[in-house]
Amino acid sequence: VYYAIRERGTFDGPFAELFRLFLETYLKATGDDVFFEVAQPFFAFRVLVIAHPGFYPDDSDETKKKLLNFGRSVLQEHRFQVDRISDYMEGQ
């Protein structure tokens with residue numbers, strides 16, 4: 001998610017495709033049926049690390065804003081929805 005945002009400013013392109021392929025493969029291999037209910041805190045924590053000024057200091061303010069929107073938005077969801085990642089980045 002981070003690299004798609006950083007490279008394109010939105011969740012599309014090769015990094016978005018890689019994320020979707022990874023997730024699909026992971027779910028098929030593990031049968032994990034609760035991933036979408038527990039992923040939110042992980043994503044929010046990772047966003048805080050990546051958006052911290054000490055990490056990736058060359059990221060634009062817009063990239064950091066979209067990351068923080070993503071982290072805040074996913075925490076408000078009962079179930080993480082991959083098709084809403086772009087909405088999450090916009091704070092919706």
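Not measured: the values here are computed from a predicted model.
- Between L75 and F70, the closest side-chain pair of non-hydrogen atoms is not below 4.5 Å.
- Linking Ile, Leu, Val, Met, Phe, Trp and Tyr whenever their side-chain heavy atoms come within less than 4.5 Å leaves V38 and F42 in two separate clusters.
- In this structure, CG on D12 lies 11.5 Å from CD on E7, to the nearest 0.5 angstrom.
- Note that the OG1 atom of T10 and the NZ atom of K66 stand 6.0 Å from one another [nearest 0.5 Å].
- Taken from CZ in R72 to CG in L48, the straight-line distance is 10.0 Å, to the nearest 0.5 Å.
- In plain terms, the two heavy atoms of L68 and A51 that are nearest each other are CD2-CB, 4.0 Å.
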In a table with atom names and distances, give each donor-acceptor pair under 3.5 Å that connects a side chain of residues 85-92 to protein atoms at least two apart or in another chain.
{"unit_1": "D87", "atom_1": "OD2", "unit_2": "R84", "atom_2": "NE", "d": "3.4"}
{"unit_1": "Y88", "atom_1": "OH", "unit_2": "Q81", "atom_2": "N", "d": "3.1"}

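- Of all the heavy atoms in F55 and V49, the pair that sits closest is CD1-O, 3.2 Å.
- Relative orientation of the F80 and F35 rings is perpendicular, given thresholds of 30° and 60° on the angle between their planes.
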Show the numbers, then the answer: is there a side-chain contact (heavy atoms from CB on, under 4.5 Å) between V82 and F36? CA-CA 9 Å; V82 175; F36 297 101; 3.8 Å; yes

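- Contact annotation: the side chain of L67 approaches that of I50 to within less than 4.5 Å [non-hydrogen atoms, C-beta and beyond].
- Annotation: K65, atom NZ; neighbour count of heavy atoms from other residues, nucleotides and ligands within 6.0 Å does not exceed 12.
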Return all side-chain donor-acceptor pairs below 3.5 angstrom for residues 16-26, not counting sequence neighbours, or 'none' if the list is empty.
{"unit_1": "E24", "atom_1": "OE2", "unit_2": "K28", "atom_2": "NZ", "d": "3.4"}
{"unit_1": "T25", "atom_1": "OG1", "unit_2": "L21", "atom_2": "O", "d": "2.8"}
{"unit_1": "Y26", "atom_1": "OH", "unit_2": "D32", "atom_2": "OD2", "d": "2.7"}

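- Side-chain contact between F43 and V74 is present, with heavy atoms from C-beta onward closer than 4.5 Å.
- Identified under the side-chain hydrogen bond (donor to acceptor under 3.5 Å, both in side chains) test for residues 39-61, with sequence neighbours left out: Y2-D59, S60-T63.
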